[in-house]
Protein chains: 2
Amino acid sequence: MSQHRHPGVPSRAGAVPALPDLPEATVARLPEYLRSLHQLAETGHETVSSEGLAAAAGVNSAKLRKDLSHLGSYGTRGVGYDVALLIEQIESVLGLNQRRAVALVGVGNLGHALAGYAGFASRGFRIAALFDADRTRVGEEINGLVVHHIDELPRIAVEERLAIGVIATPAGSAQAVADQLVAVGVTSILNFAPCVLAVPDGVDVRKVDLAIELQILSFHEHRKASLTALPGSGPSALTSLAGGAPTTDPQEAIGT
Amino acid sequence: MSQHRHPGVPSRAGAVPALPDLPEATVARLPEYLRSLHQLAETGHETVSSEGLAAAAGVNSAKLRKDLSHLGSYGTRGVGYDVALLIEQIESVLGLNQRRAVALVGVGNLGHALAGYAGFASRGFRIAALFDADRTRVGEEINGLVVHHIDELPRIAVEERLAIGVIATPAGSAQAVADQLVAVGVTSILNFAPCVLAVPDGVDVRKVDLAIELQILSFHEHRKASLTALPGSGPSALTSLAGGAPTTDPQEAIGT
DNA sequence: CCGTGTGAAGAACTTCACAGCG
DNA sequence: CGCTGTGAAGTTCTTCACACGG
């Protein structure tokens, strides 16, 4: 995992890539590229073209090239990218070289599942501690980890150098938990509770809300259904996956 | 929840509200507004200003007003929005009036948690069926629902009018499951498996990948750490990512 | 006079298309 | 010759700032 010296880098002395201040949209896609690259590496590919990687990651190739160009990446014209090298570059940019310690708060339904999720471990993170406010759950062992009471957060935060907090509590407790995480120095939070968290500047929060995802899908379902209900005039009314019903999609008939 | 007849809508005959073709970014925020509105309603608010709702939803108020204006919403100048009315409007636009049937495929770790997640039911969806490919799991009852073998998907899809599929299988099986869902007419998929799905035009896929969320947070952690390592001068070049650096934040020292 | 609704300016992101390097 | 890297054009989204209605 040592840093490579790329051929042709006009590097001043021992300087490395330097933080390129990536566009947020690019940052959000890098992990997907990384996953695709690992997959390619496992299947024996040593290099990959922008076209190939873009297909694997489900994006358009121009976008991929621009993204990679932002990290000053080094592909070879006429050939493509070196898979292993690109993996290293992206991991380095994402700061994945150091297995950050993750604290998971809330071991209910979802928390249990997250605690057992192998993807965290395999993709650069270490679940370092589990917490819950419910004392009847404290002491329980999940996947080799013991559940601590949330009051122990300060002590363990220091011991484990907690870097990221994952909140999997009910919405009602989420803000309090966030406050406690912030208080012990955590500056990155992944929030699964369906609520907005208030945090100081400098703390990053990302939110995952399962119901919201479904609602967005619902909108598109809804729209697709009402489009098929329209006469020909619509946007090249070919495809039509559902039955080409001239009447409204049965699913959509309601209310009114 | 029948749709209201808004004053002033030039609705043709039995035509439905007319789909205003919302910007995707707006669609993605509507569910959050909706959640905030429900919260406001529960706490007795009858009206809310754009400022107030924006604060509750964690966005800027100009954005909120523009979003709502896209749905031809009706606020009252000098007053704000009628909470109950706005809830209805948004639910109608999102197509939440009809409790779509959701199929959940894969009842492993995560699938179990999702099957038990109350938020689906409370926010417009009905988990209509559980599936798994593992016959040792078939028959198991989770949260009042029996696990069916995936081969029964065609039959049940018709019986239950499945509208949305949720994939919570390992990555290796996800594409096959997606194909089966598409084959039975499902045109909206929420994918929790860490892989890209290929689907025909007209099928919507949304992806939730927990590790990706953490990796994005990791990037920001990483960047924050290297910024604090800098002297006053600001974010100009300097800091190196991997080793080499003249001491960075302790948390950051690794790799090399 | 307050807060919505909105044109217009601005920022961010995507896509195109092609120069140029290996 | 093929594929990367990138200016430039195009699109979408955000923010500003203010006219206007209740």
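- Looking at which nucleotide of DNA chain C each of A:Gly78 and B:Gly80 is closest to, the 5′-most match is held by B:Gly80.
- Under the 4.0 Å criterion applied to side-chain N and carboxylate O atoms, B:Lys207 and A:Glu213 are not assigned as salt-bridge partners.
- Atom-to-atom, CD of B:Glu24 to C1' of C:dT14 comes out at 15 Å; the value is rounded to the nearest Å.
- To the nearest 0.5 angstrom, B:Leu34 atom CG is 9.0 Å from A:Ile212 atom CD1.
- For the pair A:Leu64 CG and C:dT14 C1', the interatomic distance rounds to 13 Å; values are reported in whole Å.
- Taking for each of A:Val79 and A:Pro23 the nucleotide of DNA chain C with the nearest heavy atom, the 5'-most of the two is the partner of A:Pro23.
- Comparing C:dG5, C:dT14, C:dT6 by their closest approach to the side chain of B:Lys66 singles out C:dT6.
- Residues B:Ile167 and B:Leu181 are in side-chain contact: their nearest non-hydrogen atoms beyond the backbone lie under 4.5 Å apart.
- Here B:Asp204 does not pair with A:Arg223 in a salt bridge; the nearest charged N to carboxylate O distance is not below 4.0 Å.
- Between B:Arg29 and B:Glu32 there is no salt bridge, since none of the side-chain N atoms of the basic residue sits less than 4.0 Å from a carboxylate O of the acidic one.
- Nucleotide C:dC13 holds its C1' atom 14 Å from the CG atom of A:Leu22, rounded to whole Å.
- Computed from coordinates, the A:Arg65 CZ to C:dA17 P distance equals 13 Å when rounded to whole Å.
- Between the P atom of C:dT4 and the OH atom of B:Tyr74 lies a distance of 16 Å, rounded to the nearest Å.
- Between the side chain of B:Arg77 and the base of D:dC20, a donor-acceptor pair under 3.5 Å is found.
- Contact check of residues 45-60 of chain B against DNA chain C (heavy atom, cut-off under 4.0 Å) returns B:Ser49, B:Ser50.
- At whole-Å resolution of the value, NZ in A:Lys63 and P in D:dG5 are 18 Å apart.
- You'll find the side chain of B:His220 reaches within 4.5 Å of the side chain of A:Glu24, heavy atoms only.
- Within the 4.5 Å cutoff, the side chain of B:Ile164 has no heavy atoms near those of the B:Val186 side chain.
- The OH atom of B:Tyr81 sits 14 Å away from the C1' atom of D:dG21 (whole-angstrom rounding).
- To the nearest angstrom, P of D:dT4 lies 13 Å from CG of A:Asp82.
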